[in-house]
Amino acid sequence: MNETGATLDDVLTARREAGKAVVNVDQPMVKLVVFEICNEVFAFNATAIREILAETTVHFVPGCPESVEGVINLRGDIVSVISLATILGRAEAQDQARRPPQILAPRILIGHDGSICSGIRVDRVLDVADVAKAALQPLPTALSDSRSRLALAVLHYRDRVLTLLDLGRIFQDFARGHG
């Protein structure tokens, strides 16, 4: 009992009834960068994202694979920008054949996996969130081959299903020419 005469069980019961979640602070957490592509929600582990750029001009480079949108100038370094929508097989991905010489990308995540650093264009960055590792669920069996190869887990995020992607696998596929 505390000074008001309530036991811990009474306090926890009152909190649950008030609609407040009881949070276990000892739970292992993971920080995610949550973003949207073609009205779907995805995330990368935040340790793989070096920075988030807003409204960056992407310059088209002729002869690049379909999954490469172009390059950006990142403080004097030329960095490739890959189209995650294309890699994920999204029908809404920009038609590469009619691509303008430069586009203004709404958001670019600068990702790294130790050996590769590249930009990933996304439609919107929704959040940088701490998520309990226990909330990560195994991949559903109905996930397409390209997604299941690139995904680590799924979880519920703001009444939507979020797919946690493996940036290292995306970069490995991209480097091998499969992206």
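Nothing here was measured: the structure is a model prediction, and the numbers come from that model.
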task: Report yes if some heavy atom in the side chain of Val58 is under 4.5 Å from a heavy atom in the side chain of Ile108; otherwise report no.
output: yes
query: Mind checking what makes side-chain contact (heavy atoms from CB on, under 4.5 Å) contact with Arg50, not counting sequence neighbours?
result: Leu74, Ile110, His112, Cys117
Ser80: side chain to side chain donor-acceptor pair (under 3.5 Å) partners, not counting sequence neighbours: Ser118
query: Mind checking whether Val34 and Ile170 sit in one hydrophobic cluster, side chains of I, L, V, M, F, W, Y counted as touching below 4.5 Å?
result: no
message: I'd like to check Leu162 versus His156 (side-chain heavy atoms, cut-off strictly below 4.5 Å). Are they in contact?
response: no
query: Once you round to the nearest 0.5 Å, how far does CD1 of Ile37 lie from CG of Leu88?
result: 6.0 Å
- prompt: Can Leu84 be reached from Leu150 by stepping across I, L, V, M, F, W or Y side chains whose heavy atoms are under 4.5 Å apart?
  reply: yes
- prompt: How far apart are the closest heavy atoms of Ile52 and Leu109, and which atoms are they?
  reply: CG1-CD2, 3.6 Å
- prompt: Tell me the salt bridge (charged side-chain N to carboxylate O under 4.0 Å, His left out) pairs involving residues 28-38, sequence neighbours left out?
  reply: Lys31-Asp130, Glu36-Arg124, Glu36-Arg160
message: Just so I know, are the side chains of Val131 and Leu164 near enough to count as touching, which here means a heavy-atom distance under 4.5 Å?
response: no
Test side-chain contact (heavy atoms from CB on, under 4.5 Å) applied to Ala132 - qualifying residues, sequence neighbours left out: Gln27, Met29
Spacing of CZ belonging to Phe171 relative to CG belonging to Asp166, to within rounding of 0.5 Å: 10.5 Å
message: Less than 4.5 Å apart, side chain to side chain, heavy atoms only: is that true for Thr163 and Val154?
response: yes
- prompt: Within a strict 4.5 Å, meaning less than it, do heavy atoms of the Thr56 and Val81 side chains meet?
  reply: no
query: Can you tell me how far NZ of Lys133 sits from CG of Leu155, rounded to the nearest 0.5 angstrom?
result: 13.5 Å
- request: May I have the step-by-step check of side chain to side chain contact (heavy atoms under 4.5 Å, CB included) for Val41 and Arg158, ending in yes or no?
  value: CA-CA 10 Å; Val41 182; Arg158 296 184 184 169; over 6 Å; no
message: Checking Asp123 now: which residues fulfil salt bridge (charged side-chain N to carboxylate O under 4.0 Å, His left out) with it, not counting sequence neighbours?
response: Arg121
Set of salt bridge (charged side-chain N to carboxylate O under 4.0 Å, His left out) partners for Glu51, sequence neighbours left out: Arg75
- prompt: Excluding sequence neighbours, so at least two apart, what forms side-chain contact (heavy atoms from CB on, under 4.5 Å) with Thr57?
  reply: His59, Gln102, Leu104
statement: On a heavy-atom basis, the closest approach of Ala153 and Leu136 is CB-CB, 4.0 Å
Test item: Ile120 and Leu167 side chains (from C-beta on) under 4.5 Å apart, heavy atoms: yes
- request: Determine, using the 4.5 Å side-chain heavy-atom cutoff (strictly less than), whether Ile49 and Leu152 are members of one ILVMFWY cluster.
  value: no
Side chain to side chain donor-acceptor pair (under 3.5 Å) involving Asp113 - partner list, sequence neighbours excluded: none
field: Check: Ala151 main-chain N/O paired with Arg169 side-chain donor or acceptor under 3.5 Å
entry: yes
query: Under the ring pair (Phe, Tyr, Trp, His ring centres under 6.0 Å) test, which residues partner Phe35, sequence neighbours left out?
result: Phe44
- prompt: Do Leu126 and Tyr157 come close enough that some side-chain heavy atom pair is under 4.5 Å?
  reply: yes
task: Would you list the pairs meeting salt bridge (charged side-chain N to carboxylate O under 4.0 Å, His left out) in which at least one residue belongs to residues 38-49, sequence neighbours left out?
output: Glu40-Arg90, Glu40-Arg147
